[in-house]
**Q** 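If you scroll down you'll find the structure; I have some questions about it.
Heads up: numbering here begins at 1 and tracks the sequence. Atoms within each ligand, like the ligands themselves, are counted from 1 in listed order.
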Amino acid sequence: MKIIVANWKSHKTAAQAHQWVNEFQQHALPKVTIVVAPPFPLIPMLTEAFMQGTSGIAIAAQDVSPFPTGAYTGAVAAETLVSVGATYVIVGHSERRQYFHETNQDVANKVTEAVAAGMTPIVCVDLPYLESQVAAIPEQLLSKCWFTYEPLEAIGSGNNQPAAEVAPIVKKIKKLCGKVTVLYGGSVNPDNVQEYLTATDGVLVGHASLKASECLALAKQMA
Ligand code: PGA
């Protein structure tokens, strides 16, 4: 089954999330795996709404603490995320690397924490730094991760990278990391998503996942 990760980023109030869920649940879900990544406080509500594990929908956090539980004010530990139903976590998104100055070592620590708590990290990587980004992750954890190839210039720009250019990068990531799930992210929408069906295992979608109707349209195209 192909995968869609719906990354809501820093969008949606609780009321807007409820509305999205209500609209989403009015339709039968096509045969795709959907992983919704809402802001932290909305995770329990989404977990409850989708009855984790029974509906083909899983929940991801958008970040995780690089530390275990403890005296780290403001950080959300992997164990806490698991306790409210998140089974995946996006790690090392370029927006985290850019605006929050996350280093490869931070990303590696987050991967370590996530895996220790039983979560699947969805690690975002980009081309110029691909080798060093992968090398930073402890080798024995690579097989526990999913990866998302996200060319910086494609994110939020409307300029999705053509699948023909994405395909060799996906192969390269699989060569570096082994038999792992590799997604593509960057301006994917219902009109272009089919392009990525053969080149990837799925897509990570930001803007086009914010409307339930668009997310459903994406899912239909991927099924
Ligand atoms: P976008 O975001 O779909 O809005 O380009 C993709 C991403 O989160 O990387």
**Q** Using a 4.0 Å cutoff against the non-hydrogen atoms of H207, which atoms of ligand 1 qualify?
**A** 1 (P), 3 (O), 4 (O)
**Q** Salt-bridge test for D63 and K110: reply yes if a basic N is under 4.0 Å from a carboxylate O, no otherwise.
**A** yes
**Q** With a cut-off of 4.0 Å, which atoms of ligand 1 are near a heavy atom of N7?
**A** 8 (O)
**Q** Answer whether the closest heavy-atom distance between the side chains of M222 and L197 falls below 4.5 Å.
**A** yes
**Q** If you define the side chain from C-beta out and look only at heavy atoms, does anything of C124 sit under 4.5 Å from I90?
**A** yes
**Q** Should G206 be counted as touching ligand 1, given the test is an N or O pair under 3.5 Å?
**A** yes
**Q** Is it the side chain, the backbone, both or neither of E150 that has a heavy atom closer than 4.0 Å to ligand 1?
**A** side chain
**Q** Is it the case that atom CD in Q16 sees more than 12 heavy atoms from other parts of the structure closer than 6.0 Å?
**A** yes
**Q** Would E95 count as a contact of ligand 1 if the rule is a heavy atom under 4.0 Å away?
**A** no
**Q** Counting only nitrogen or oxygen atoms and a 3.5 angstrom limit, does G156 reach ligand 1?
**A** yes
**Q** Looking at every heavy atom in both M119 and A86, which two are closest together, and how far apart are they?
**A** CE-O, 3.5 Å
**Q** Any atoms of ligand 1 less than 4.0 Å from a non-hydrogen atom of K9? List them with their elements.
**A** 2 (O), 6 (C), 7 (C), 8 (O)
**Q** Mark up the atoms of ligand 1 that fall under 4.0 Å of a heavy atom belonging to L204, in ascending order.
**A** 7 (C), 8 (O), 9 (O)
**Q** Within the structure provided, determine whether Y149 and V166 are in side-chain contact (heavy-atom separation under 4.5 Å).
**A** yes
